[in-house]
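Report on the structure given below.
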Amino acid sequence: PPRSVATPRPPSSRPPKRSAVELIKEKSDFLRHPLMQELVTEATNISEDAVQLMKFHGSYQQDNREERRPGEGKSYQFMMRTRQPAGTVTNQLYLVMDELADLYGNGTLRLTTRQTFQLHGVLKQDLKTVFSSVIKNMGSTLGACGDVNRNVMAPPAVYSAESRPDYALAQKYANDIADLLAPQSGAYYDVWLDGEKFFSHEMEDAKVTADRAFNGFGTNFEDSPEPIYGNLFLPRKFKIAVTIPGDNSVDMFTNDMGLVVMTDAQGKLEGFNVLVGGGMGRSHGKANTFPRLADSLGFVPADDVFHIVKAVVAVQRDYGRRDDRKQARLKYLVDDWGVDKFREVVEQYYGKKMEAFRPLPAWKFMDYLGWMDQGDGKLAYGIYVQNGRVKGEAKKTLRAVIERYEIPVSITANQNLILRNISPAWKDDIISSLSAAGIKDVEQWDPLEAGSMACPALPLCGLAIAEAERGLPDVISRLRAVLENLGLHSSEKFIIRMTGCPNGCARPYNAEVGFVGDGPNSYQIWLGGSPSGARLAEVYQGRVKLADMETFFEPLFAMFKNQRRAEESFGDFCARVGFEALRNYQESYISEGQIKDLPTVAVSKDAAELLKSASESTGKTEAQLATEAIKKFFS
């Protein structure tokens, strides 16, 4: 088989062990077989080998657990995911996706946490029609799943290139890197278009083509249909985000690789800061799996950006573990080696030393909701879509507006939708149309809701063990009621995310409050992430039952109310005071409702004054302090 001509070589001191998926990839003729054969059978499903290959083409086989019938086995269907670098969607593609959802899906569109579409409920017999329709309307699903580079994220295209060239650069390079790392063998077109290569009107940048072919330092496999990936592709999925300094709308630190556009005072591109080693996925009960935020690696000049991307990918390809898929993400390699060793090996594939990482301003989460001025005389409008599910009357009305005005859209990393290139003269009609369909402006949503995310989870995701998309809205309503009962204002907000399993698709591990399903109607609670997304949360407690959310969170919110600093968010508060203090407060907490039912104990006036003073200084209630003191005395 073709080999890399690299000077750096992976260690060969022990015979390589490989997982079953590695063998499937190796025998597949670059992702063709047995998928091509199984797609034309009359069975409603495909085999496990074909399932693994199907992922690379942008689809997962699923089983709707709620539609199973006794004696009929599983209710098979497929989820298709698109590739949308920077979340950019043409008017034509949006309308096609909307129509496909009605004709072949479950009638809804799902916006994802990586700025793509997901179409649920597609039957096997309709797959070719759906895939070919996407491809022929300037879309793609290639590499949306599987052991390759996934969709490349960037802040959505809200501003004109003239008004904000830095944002335009982030979007351009997201698209270029998606092209650079797209599978090249042609299997995608063999499977879905019977070998017909369909060329879009947007050809890849000539520099992308040239830099992909360059093999001066061993990043490529010579004479291979897949010059970067080879016949084994990557050990696991690989995620990249591009952004500008300060804008963390893409959750930069949760990616395998991050690129920060660095410009001079005139807005001219100088190069990129590079980060590596982020990732969310983990497994319950396995301490050697964990979420991790990316580390700073260095800076590269603009002309070298594709080479550094290839170098990092090549290190993961050649050194990432292929024996254990739970340990195969880049974050484990960076964590095992340390950043300095990882940089040294990257530099061998890069062919030179990286420059020092350049200083950056503080990060801020940007939600891109509401009305925005694009800077070119036109407007953009960001719409909050509850957990990314476009459905019902809202779906019909969005289509009507998008079709009427022929406007493009963008998908945000928070599962929301932005209507772009709106003439100010259209604004009133758009507001009226959306309002009539029940589509609310962001100001009309509870801010806890507007900043939240959840994965689809039950009933379609085979990994889900708890609700997420269907469960989070009610949980948020209940948490808001607790906050208001404690006297906290309705404008109080913090980042809440929920997933139905520990894989972390909705990125709960860098939220201020993360709910991670650990059983039926049961969740691990993660606390202490930052509002900006730049700090990792930590697991606070597991096996918290859905029915107990109010009693669990009330003491924490009460402590937050009484002891927070000015303008301090809940996540920052939890990180500052620490989990020991939180647990102590929670353990001794006595609610107002409980006080009425407890025995009364008389104390002297001076003792009462001391309790009152201590309550004001510590943020604890007098009942809490008295209880703590008595318990301590008798212990």
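Since the structure is predicted, the reported quantities are computational estimates derived from the model, not experimental observations.
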Are any non-hydrogen side-chain atoms of [X] and [Y] less than 4.5 angstrom apart?
| X | Y | result |
| --- | --- | --- |
| R292 | F253 | no |
| Y167 | V158 | no |
| E554 | Y589 | yes |
| R543 | D518 | yes |
| V409 | I418 | no |
| D441 | L369 | no |
| P473 | Q386 | yes |
| P155 | Y368 | yes |

What is the minimum heavy-atom distance between [X] and [Y], and which atoms define it?
| X | Y | value |
| --- | --- | --- |
| V339 | S296 | CG1-O, 3.6 Å |
| I383 | N416 | O-CB, 3.3 Å |
| P291 | K331 | CA-NZ, 3.9 Å |

If you count heavy atoms of other groups shown closer than 6.0 angstrom to [atom1] of [X], is the number above 12?
| X | atom1 | value |
| --- | --- | --- |
| Q444 | CD | yes |
| E587 | CD | no |
| K74 | NZ | no |

*Derivation and outcome, side chain to side chain contact (heavy atoms under 4.5 Å, CB included), residues N255 and I240*: CA-CA 6 Å; N255 288 268; I240 299 177; 5.5 Å; no
_Test of understanding: with side chain to side chain contact (heavy atoms under 4.5 Å, CB included), list the residues that count as partners of N288, not counting sequence neighbours._
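Checked N288 against side chain to side chain contact (heavy atoms under 4.5 Å, CB included); matches are K286, Q327.
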*Residues two or more places apart in sequence or in another chain: which of them pass side chain to side chain contact (heavy atoms under 4.5 Å, CB included) with L360?*
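Only P245, V260, M262, N273, F357, W363 meet the side chain to side chain contact (heavy atoms under 4.5 Å, CB included) criterion with L360.
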Rounded distance (nearest 0.5 Å) linking atom [atom1] of [X] with atom [atom2] of [Y]:
| X | Y | atom1 | atom2 | answer |
| --- | --- | --- | --- | --- |
| Q415 | Q118 | CD | CD | 9.5 Å |
| C461 | R65 | SG | CZ | 7.0 Å |
| L434 | E393 | CG | CD | 11.5 Å |
| L330 | L234 | CG | CG | 10.0 Å |

Short N-O contact, [X] and [Y], less than 4.0 angstrom:
| X | Y | result |
| --- | --- | --- |
| D147 | R325 | yes |
| R480 | E449 | no |
| K545 | D548 | no |
| D324 | K326 | no |

_Full working for side chain to side chain donor-acceptor pair (under 3.5 Å) between T108 and R389_ = CA-CA 7 Å; T108 72; R389 185 72 64 179; 3.0 Å; yes
Strictly by modelled atom types, are [X] and [Y] linked by a side-chain donor-acceptor pair under 3.5 Å?
| X | Y | value |
| --- | --- | --- |
| Q524 | W526 | yes |
| S490 | E484 | no |
| T412 | N414 | no |
| D367 | Y384 | no |
| Y509 | R282 | yes |

For residues 533-542, tabulate all N or O donor-acceptor pairs below 3.5 Å that involve a side-chain atom, not counting sequence neighbours.
{"unit_1": "R535", "atom_1": "NE", "unit_2": "G528", "atom_2": "O", "d": "2.7"}
{"unit_1": "R535", "atom_1": "NH1", "unit_2": "D572", "atom_2": "OD1", "d": "3.4"}
{"unit_1": "R535", "atom_1": "NH2", "unit_2": "G528", "atom_2": "O", "d": "3.1"}
{"unit_1": "R535", "atom_1": "NH2", "unit_2": "G529", "atom_2": "O", "d": "3.4"}
{"unit_1": "R535", "atom_1": "NH2", "unit_2": "G571", "atom_2": "O", "d": "3.4"}
{"unit_1": "R535", "atom_1": "NH2", "unit_2": "D572", "atom_2": "OD1", "d": "2.7"}
{"unit_1": "Y540", "atom_1": "OH", "unit_2": "R583", "atom_2": "N", "d": "3.4"}
{"unit_1": "Y540", "atom_1": "OH", "unit_2": "Q586", "atom_2": "OE1", "d": "2.8"}

*Stepwise side chain to side chain contact (heavy atoms under 4.5 Å, CB included) test for R114 and V250*: CA-CA 8 Å; R114 291 198 69 80; V250 294; over 6 Å; no
_Between S613 and L610 (side chain of the first, backbone of the second, donor and acceptor by atom type, cut-off under 3.5 Å), is there such a pair?_
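It does not hold such a pair.
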*Would you check, one step at a time, whether the test side chain to side chain donor-acceptor pair (under 3.5 Å) holds for S410 with R420?*
CA-CA 7 Å; S410 287; R420 297 187 287 116; 2.9 Å; yes
*asked:* Angle between ring planes, F494 versus F570, binned at 30° and 60°: parallel, tilted or perpendicular?
replied: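 Answer is tilted, since the angle falls between 30° and 60°.
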*In a check of side-chain contact (heavy atoms from CB on, under 4.5 Å) between V385 and each of L398, L111, I439, which one passes?*
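The option that passes is L111.
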_Single hit among L486, V475, I525 for side-chain contact (heavy atoms from CB on, under 4.5 Å) with F553_ =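 Looking at L486, V475, I525, the match for F553 under the side-chain contact (heavy atoms from CB on, under 4.5 Å) is I525.
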*For E66, check salt bridge (Lys or Arg N to Asp or Glu O under 4.0 Å) against everything at least two apart and list the hits.*
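Scan of E66 (salt bridge (Lys or Arg N to Asp or Glu O under 4.0 Å), adjacent residues dropped) gives R470.
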*Using salt bridge (Lys or Arg N to Asp or Glu O under 4.0 Å) as the criterion, list what pairs up with D256, not counting sequence neighbours.*
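By the salt bridge (Lys or Arg N to Asp or Glu O under 4.0 Å) rule, D256 matches R329.
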_Listing request: all side chain to side chain donor-acceptor pair (under 3.5 Å) pairs with a residue in residues 493-503, at least two apart in sequence or in separate chains._
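Of all non-adjacent pairs touching residues 493-503, those that pass side chain to side chain donor-acceptor pair (under 3.5 Å) are D251-R497, R497-N510.
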